[in-house]
**Student:** 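So that we are looking at the same thing, I have put the structure below in structure tokens.
Chain A is the first sequence line, chain B the second, and so forth, proteins listed ahead of strands; every chain is numbered from 1.
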Protein chains: 2
Amino acid sequence: MASIGQRNRLQYIILGLLNQRPQTGYDLAKAFENEIGEFWQAQHSQIYPLLRRMEDAGEITHEDTVAGEKLAKKQYTLTPSGHDKLVDWVSEPSPELTPSKDEFILKLYFIKTDKDPRIQPMLREQLRLHQTQLDHLEGRLKTVFPTDAVKQQAYGHYLILDHAIERERDYVAWLSKYLTD
Amino acid sequence: MASIGQRNRLQYIILGLLNQRPQTGYDLAKAFENEIGEFWQAQHSQIYPLLRRMEDAGEITHEDTVAGEKLAKKQYTLTPSGHDKLVDWVSEPSPELTPSKDEFILKLYFIKTDKDPRIQPMLREQLRLHQTQLDHLEGRLKTVFPTDAVKQQAYGHYLILDHAIERERDYVAWLSKYLTD
DNA sequence: TCCTAACATGTAATTAATTACATGTTTAAG
DNA sequence: CTTAAACATGTAATTAATTACATGTTAGGA
């Protein structure tokens with residue numbers, strides 16, 4: 001059999017991305033370096049084999065094209081069955097609260113007293129990191145969604161970018177609360 | 001060889017938990033159902049083999065004990081080498097921003113317009129979920145840290161619980177912002 | 001024209017993580 | 001006294017994910 005498990009979220013991300021427009025595996029891999037990368041990560045070595053399995057399962061198809069002289073590309077598109085699967089997934093409830101797997105938080109947990117001299121440098125390091133990320137995300141919001149009209153064309157994308165920004169803002173605020181600068 | 005990769009965070013959690021007090025594999029597995037479960041998850045089937053490998057690596061040792069008539073237990077403790085490894089890990093910088101892997105957010109991303117009728121029910125479902133989680137965490141804070149004295153004895157634990165509460169509070173606030181009730 | 005970065009696609013090997021299988025003990029409630 | 005839940009430890013099978021290996025093309029700048 002070797003079918004794809006229902007808990008494999010990457011397949012749904014691929015379906016969703018292909019629903020936006022036909023794309024190559026390379027294009028999909030690049031999407032994880034951009035906006036979707038805030039919420040999921042995947043390398044091309046995971047994407048190419050999965051594309052094949054999804055095609056075998058009849059959810060996507062590809063068309064071979066050639067760029068320039070002989071650079072082979074596979075342009076993937078959703079089949080009706082793949083589109084149905086995407087719609088079903090989005091419509092399902094999402095009752096799971098996934099733990100955040102934040103290594104810094106994990107380290108904090110093992111610090112015993114508020115006198116530990118490592119706490120302040122750790123907080124400062126994280127503040128710098130999350131402040132940088134916040135700046136980056138705010139920049140993206142301005143460039144990707146300059147007008148309300150653009151927001152409405154990719155409303156979900158706008159929502160999750162707004163969510164990511166709030167998350168970073170709150171993280172920064174929380175860190176600041178415990179910084180004794 | 002078959003040594004344990006530096007990116008395997010579970011090993012550090014185990015070191016950290018054993019540093020608090022000697023424990024069995026069963027105790028460690030239970031810790032992931034409680035406070036640490038907010039930030040990491042692991043099943044006993046992952047823990048037992050890792051304990052063995054960590055013992056082989058000289059980071060922990062165990063003492064066989066018997067509870068009651070004949071129930072065998074393995075009480076694990078840190079070796080000096082394991083303690084050093086824990087201290088090193090906590091002291092290292094944590095420069096990685098791990099993506100949150102939130103399935104609801106992922107689904108939102110693929111919704112095109114603010115007119116989509118699925119948005120409001122999805123927001124309501126998530127609000128209920130995160131509100132429940134928030135209530136749960138606030139309850140835990142009151143029972144686990146009733147006084148300031150207790151806070152100081154497990155300050156890191158207090159910090160991450162406070163962080164988790166803020167995170168849920170902010171998530172709830174964000175969801176409410178887009179709910180048109 | 002040379003070289004480098006980006007484009008493009010794949011496989012192999014390894015590790016991490018989950019789910020299922022498997023067994024036995026102890027405690028406390030009914 | 002029976003039984004169910006919690007205690008306790010492991011392995012097997014599978015899937016997910018990362019890192020490394022492997023190859024070749026195209027566009028653009030120096």
**Student:** Please determine if a side-chain N or O atom of B/Lys73 lies less than 4.0 Å away from the OP1 or OP2 oxygen of C/dG24.
**Tutor:**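 For C/dG24, neither OP1 nor OP2 has a side-chain N or O of B/Lys73 closer than 4.0 Å.
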
**Student:** Spell out yes or no: do the side chain of A/Thr24 and the base of C/dT9 have one donor N/O and one acceptor N/O closer than 3.5 Å?
**Tutor:** no

**Student:** Nearest whole Å is fine: how far is C/dA17 C1' from B/Leu50 CG?
**Tutor:**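 Interatomic distance, CG of B/Leu50 to C1' of C/dA17: 12 Å.
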
**Student:** Tell me whether the count of non-hydrogen atoms from other residues, nucleotides or ligands lying under 6.0 Å of CZ in A/Arg52 goes above 12.
**Tutor:** no

**Student:** Measure the distance from OH on A/Tyr48 to P on D/dT18 and round it to the nearest whole Å.
**Tutor:**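 These atoms are roughly 17 Å apart.
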
**Student:** Without decimals, in angstroms, what is the distance between B/Asn8 CG and C/dT14 C1'?
**Tutor:** 13 Å

**Student:** Does a side chain donor of either A/Gln41 or A/Glu33 reach within less than 3.5 Å of an acceptor in the other side chain?
**Tutor:**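 No, no side-chain donor-acceptor contact under 3.5 Å.
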
**Student:** Counting only side-chain N and O atoms of B/Lys74, is one of them less than 4.0 Å from OP1 or OP2 of D/dG10?
**Tutor:** yes

**Student:** How many Å lie between CD on B/Gln41 and P on C/dT18, as a whole number?
**Tutor:**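 Roughly 7 Å, once rounded to whole Å.
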
**Student:** Starting at NE2 of B/His44 and ending at P of C/dA17, how long is that distance when rounded to a whole Å?
**Tutor:**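 Going from NE2 in B/His44 over to P in C/dA17 covers 16 Å.
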
**Student:** Using whole Å, what does the distance between atom P of nucleotide C/dA8 and atom OH of A/Tyr76 come to?
**Tutor:**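 It works out to 14 Å between those atoms.
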
**Student:** For B/Arg7, does the CZ atom have more than 12 heavy-atom neighbours from other residues, nucleotides or ligands under 6.0 Å away?
**Tutor:** no

**Student:** If you assign each of A/Ala72 and A/Gln46 to its closest nucleotide in DNA chain C, which residue comes earlier from the 5' end?
**Tutor:**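 Looking at DNA chain C, the more 5' nearest nucleotide goes with A/Ala72.
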
**Student:** Give A/Ala29 one of three labels, base, sugar-phosphate or nothing, depending on what nucleic acid heavy atoms sit under 4.0 Å from its own.
**Tutor:** nothing

**Student:** Please check if the number of heavy atoms outside B/Arg169 that lie under 6.0 Å from its CZ is greater than 12.
**Tutor:**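 More than 12 heavy atoms, drawn from other residues, nucleotides or ligands, come within 6.0 Å of this atom.
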
**Student:** Would you say A/Tyr26 places a side-chain N or O within less than 4.0 Å of OP1 or OP2 belonging to C/dT9?
**Tutor:** no

**Student:** Heavy-atom nearest nucleotide on DNA chain D for A/Val66 versus A/Arg9: which residue maps closer to 5'?
**Tutor:**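 Final value for this comparison: A/Arg9.
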
**Student:** Mind calculating the distance between CD (B/Gln43) and P (D/dA8) to the nearest angstrom?
**Tutor:** 19 Å

**Student:** Just the rounded figure in Å: distance from C1' of C/dA16 to CZ of B/Arg7.
**Tutor:**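 Rounded to the whole Å, the gap is 13 Å.
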
**Student:** So which one's nearest nucleotide on DNA chain C is more toward 5', A/Asp27 or B/Leu71?
**Tutor:** A/Asp27

**Student:** Could you walk me through whether A/Asp162 and B/Lys177 pass salt bridge (Lys or Arg N to Asp or Glu O under 4.0 Å), step by step?
**Tutor:** CA-CA 11 Å; A/Asp162 181 64; B/Lys177 190 169 78 171; 3.0 Å; yes

**Student:** For C/dT26, take OP1 and OP2 only and decide whether either is under 4.0 Å from a side-chain N or O of B/Lys70.
**Tutor:**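 For C/dT26, neither OP1 nor OP2 has a side-chain N or O of B/Lys70 closer than 4.0 Å.
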
